[in-house]
Amino acid sequence: MNNPLDEYHWRGMMQDLTEGAHEAFSQGPRTAYIGFDPTASSLHVGSLLPIMGLVHLQRAGHSPIGVVGGGTGLIGDPSGKALERQLLTREQTAENLEGIRGQLERFLDFQVSTNPARMVNNLDWLGELRTVDFLREVGKHFSVNALLRKESVRRRLEEEDGGISFTEFSYVLMQAYDFLVLLDRYNCTVQMGGSDQWGNITAGIDLIRRMRGEKAFGVVFPLVTSATGVKFGKTEAGTVWLDPARTSPYRFFQFWLNTDDPDAIPYLKFFTLMGKEEVAELESALADRPHERAAQRALAEEVTRRVHGETGLSRARQATQVLFGGDLEGLSGEEIADVFSDVPSSEFPRQTFEGEGMPILDLLAESGVASSKGDARRSIQGGGVYLNNIRVEDVGRRVRLEDALGGRFLVFRKGKKNYRLVKLLG
RNA sequence: GGUGGGGUACCGAAGCGGUCAAACGGGGCAGACUGUAAAUCUGCUGGCUCAGCCUUCGGAGGUUCGAAUCCUCCCCCCACCA
């Protein structure tokens, strides 16, 4: 049995740990949990680091628990939030929870007999909690004076008109209680999470010490940042989700492939299971031959394979090759449909393109390639518009049936990466 | 309630009777270079039937041949004073 904290440490993914945590893992198998917020029906790449935390834990022979905050999600964690949150309905939360469960199953082994991963919903116990019992048993152990000093609460108290509701103010009690319940039910003695969870985690540790006289531990992972200061997990297209319906495997793959050089090695350590030697090799490859981007490629392939499977990866790869390899000639209609399935598309009736065809400016504006005809005109004049990968030179050009690939598709591109598929209907 | 300062394009910010679709900076988009990078350089960045026309400078009126610019009223912000 290995100590997962050593693994975290060399990977640079351990921001902080409570006293005695390292020794605790050396003594024998432990059960540890991480909570996931069910504010959306999918996790995004921002949750990937904690998930990898659970993965390493399980590989080291310990038991991971993923807690989906069906109950706490109904309350809202004030940590890191400037404003009071919109409350989710129970139905929304339940739905989101299902999505998240499916995604965690891609990372953790729920089948092994020795240390299977578990997935629980804290609504199971928070939902049936009686107010009076809770206030007597749990509330007693929390000092309002201490709560008021908490960073997350204090910031909100200083807000002029925002403030904090009693609901969110009590959030930390809920999360602390979660830890206690998990200790009782699963002998779970470790809680992990993002660094913003430190306060919530230590609150749970305190509660366990007071109510059960036991020692529990906490480990927090750093906030993933990028060297250029861009918020990790966001692209022009928005958040990068794990759900293929929200972020296609192709875009997901591209997200990782586009990692900046300085981030590539840290990310390999964070998000793949590669060992030290492999990472070191890629590091020197990146230093010697940066243009090959071996590290980014490996990163993109590993992570995409894990999240979207072998099929998702090969589709993403194929799409990448076609989109950046250049040649669209010779592709069948089916191949185009497949490769461009990830690309935003619009549909036009076939007769639009019959005879004289449609002026390209109108088509660009109406299909959403450009925001207006003026924009379309300027983009063409600037040399930034391509039809079927051939630069459009003439602003007055018309698009006709002969332009359609396989008689069915028009592939527009603005710039290097922005594709748009126009489908001919009828 | 009093006094002073303001509201300009995605954001910040100039302009203070015509030469203003509005300087400059940021952001965004595109081009060149490259590694689908960073940095850099270049162009574009209200709409259209695009060498021209139309709608914009908090809102509504007015003065003027002509207003983002002057006047009146209204709305909203900020600073200081009570």
Side-chain angles (χ1 to χ4, degrees), chain A residues 45 160-161 225-238 240 247-268 281-304 313-328 339-340 342-344 356-399 411-421:
Chain A
V45 292
E160 289 265 318
D161 33 36
T225 53
S226 75
T228 47
V230 180
K231 197 171 186 286
F232 174 74
K234 300 275 184 198
T235 64
E236 330 73 66
V240 181
T247 300
S248 67
Y250 163 70
R251 284 189 194 288
F252 189 83
F253 183 81
Q254 286 288 322
F255 167 75
W256 296 103
L257 190 61
N258 283 318
T259 302
D260 286 346
D261 290 3
D263 294 325
I265 299 304
Y267 287 6
L268 275 174
E281 261 173 51
L282 286 168
E283 187 165 11
S284 63
L286 185 67
D288 298 342
R289 302 177 299 283
H291 57 280
E292 288 177 6
R293 291 186 300 159
Q296 283 92 333
R297 268 175 227 286
L299 175 68
E301 292 189 1
E302 286 280 313
V303 183
T304 307
L313 171 60
S314 68
R315 282 198 33 217
R317 261 204 195 118
Q318 195 197 354
T320 295
Q321 186 152 26
V322 172
L323 265 42
F324 290 98
D327 205 3
L328 296 177
V339 166
F340 288 92
D342 291 348
V343 161
E356 279 300 288
M358 185 176 188
I360 195 161
L361 291 180
D362 293 281
L363 184 55
L364 290 170
E366 284 179 38
S367 63
V369 176
S371 60
S372 70
K373 282 202 255 183
D375 183 34
R377 178 188 304 272
R378 286 187 293 267
S379 295
I380 291 178
Q381 284 165 348
V385 176
Y386 302 78
L387 171 57
N388 301 332
N389 268 0
I390 297 161
R391 182 176 276 172
V392 175
E393 308 281 357
D394 178 13
V395 172
R397 187 192 200 290
R398 296 179 86 91
V399 179
V411 178
F412 283 102
R413 192 176 106 214
K414 184 161 157 259
K416 216 156 274 180
K417 301 178 189 178
N418 301 312
Y419 280 89
R420 183 131 204 142
L421 187 65

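Residue numbering restarts at 1 for every chain, and letters A, B, ... go by the order of the sequence lines. We use all heavy atoms of the structure for the numbers below, so side chains are in, but hydrogens, waters and symmetry mates are not.
- Expressed to the nearest 0.5 Å, how far CG of A/Leu268 lies from CG of A/Leu299 amounts to 5.0 Å.
- If you take atom P in B/G18 and the same atom in B/A68, they sit 10 Å apart, rounded to whole Å.
- Between A/Leu364 and A/Ile380 there is a side-chain heavy-atom pair separated by less than 4.5 Å.
- If you take atom P in B/A39 and the same atom in B/G26, they sit 13 Å apart, rounded to whole Å.
- For A/Asp263 and B/A37, the CG to C1' distance is 11 Å, given to the nearest whole Å.
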Distances under 3.5 Å between nitrogen or oxygen atoms of protein and nucleotides 40-44 of chain B:
| from | atom 1 | to | atom 2 | distance (Å) |
| --- | --- | --- | --- | --- |
| B/C44 | O2' | A/Arg378 | NE | 3.4 |

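- Between A/Arg293 atom CZ and B/A38 atom P the separation is 10 Å, expressed in whole Å.
- When both pairing distances are held under 3.5 Å, B/U40 makes a Watson-Crick or G-U pair with B/A32.
- Put simply, CZ on A/Arg377 is 14 Å from C1' on B/G46, counting in whole angstrom units.
- Rounded to whole Å, atom P of B/G35 lies 16 Å from atom CG of A/Asp288.
- Within 4.0 Å (heavy atoms only), A/Glu292 reaches no atom of the nucleic acid at all.
- Look at the P atom in both B/G4 and B/C10: the space between them is 33 Å, to the nearest Å.
- The line from CG of A/Leu286 to CZ of A/Arg297 is 11.5 Å long, rounded to the nearest 0.5 Å.
- As judged by a 4.0 angstrom heavy-atom cut-off over every strand, A/Arg297 is placed among residues making no nucleic acid contact.
- Formation of a donor-acceptor pair under 3.5 Å by the A/Arg420 side chain with backbone atoms of A/Ser367 is found in this model.
- Going from the C1' atom of B/U34 to that of B/G25 covers 27 Å, rounded to whole Å.
- One finds no side-chain N or O of A/Lys414 lying less than 4.0 angstrom from the OP1 or OP2 phosphate oxygen of B/G28.
- Between B/G5 and B/G58, the two C1' atoms lie 16 Å apart (nearest whole Å).
- Base pairing analysis places B/A79 opposite B/U3; the two distances defining the Watson-Crick or G-U wobble pair are each below 3.5 Å.
- The pairing partner recorded for B/A23 is none, the criterion being a Watson-Crick or G-U wobble arrangement whose two distances lie under 3.5 angstrom.
- Between the NZ atom of A/Lys417 and the C1' atom of B/C29 there is a distance of 14 Å, rounded to whole Å.
- In this structure, A/Thr304 contributes its side chain and A/Glu301 its backbone to no donor-acceptor pair below 3.5 Å.
- Scored by the side-chain contact (heavy atoms from CB on, under 4.5 Å) test, A/Ser248 finds A/Tyr250, A/Arg251, A/Asp342 as partners (sequence neighbours excluded).
- Base contact: A/Thr320 has a heavy atom under 4.0 Å from a base atom.
- A/Ser371 and A/Asp375 share a side-chain donor-acceptor pair at under 3.5 Å.
- The stretch residues 358-376 of chain A touches RNA chain B through A/Ser372, A/Lys373, A/Gly374, each having a heavy atom within less than 4.0 Å of the strand.
- The partner of B/U64 cannot be assigned: no Watson-Crick or G-U wobble pair with both contacts below 3.5 Å exists in any strand.
- In this structure, the side chain of A/Tyr419 engages the main chain of A/Leu323 through a donor-acceptor pair within 3.5 Å.
- Using C1' as the reference atom, B/C53 and B/G62 are 27 Å apart when rounded to the nearest Å.
- Remark: B/C73 base-pairs with B/G59. Criterion, Watson-Crick or G-U wobble with two distances under 3.5 Å.
- Listed here is the closest heavy atom pair of A/Ala316 and A/Pro249: CB-O, 3.6 Å.
- Taking atom CG of A/Asp260 as the reference point, atom P of B/G35 lies 16 Å away to the nearest angstrom.
- An OP1 or OP2 oxygen of B/A30 is reached within less than 4.0 angstrom by a side-chain nitrogen or oxygen of A/Asn418.
- To the nearest whole angstrom, the two P atoms, one in B/U69 and one in B/C20, are 16 Å apart.
- Going from the C1' atom of B/C71 to that of B/U19 covers 25 Å, rounded to whole Å.
- With a cut-off of 3.5 Å on both pairing distances, the Watson-Crick or G-U wobble partner of B/G46 is B/C54.
- Residue contacts shown for A/Tyr386 are limited to sugar-phosphate atoms, with no base heavy atom under 4.0 Å away.
- The distance from atom CZ of A/Arg315 to atom OG1 of A/Thr320, rounded to the nearest 0.5 Å, is 11.5 Å.
- The partner of B/C16 is absent, by the rule that a Watson-Crick or G-U pair needs both atom distances under 3.5 Å.
- Rounded to an integer number of Å, the gap from A/Lys416 NZ to B/G31 P is 6 Å.
- Between A/Lys414 and A/Ser379, the shortest heavy-atom distance links the atoms CE-OG, 3.3 Å.
- Between the CD atom of A/Glu393 and the C1' atom of B/A30 there is a distance of 14 Å, given to the nearest Å.
- If you check the side chains of A/Gln296 and A/Asp260, you find no donor sitting under 3.5 Å from an acceptor.
- Residue contacts shown for A/Arg289 are absent, as no nucleic acid heavy atom lies under 4.0 Å away.
- As judged by a 4.0 angstrom heavy-atom cut-off over every strand, A/Gln254 is placed among the base-contacting residues.
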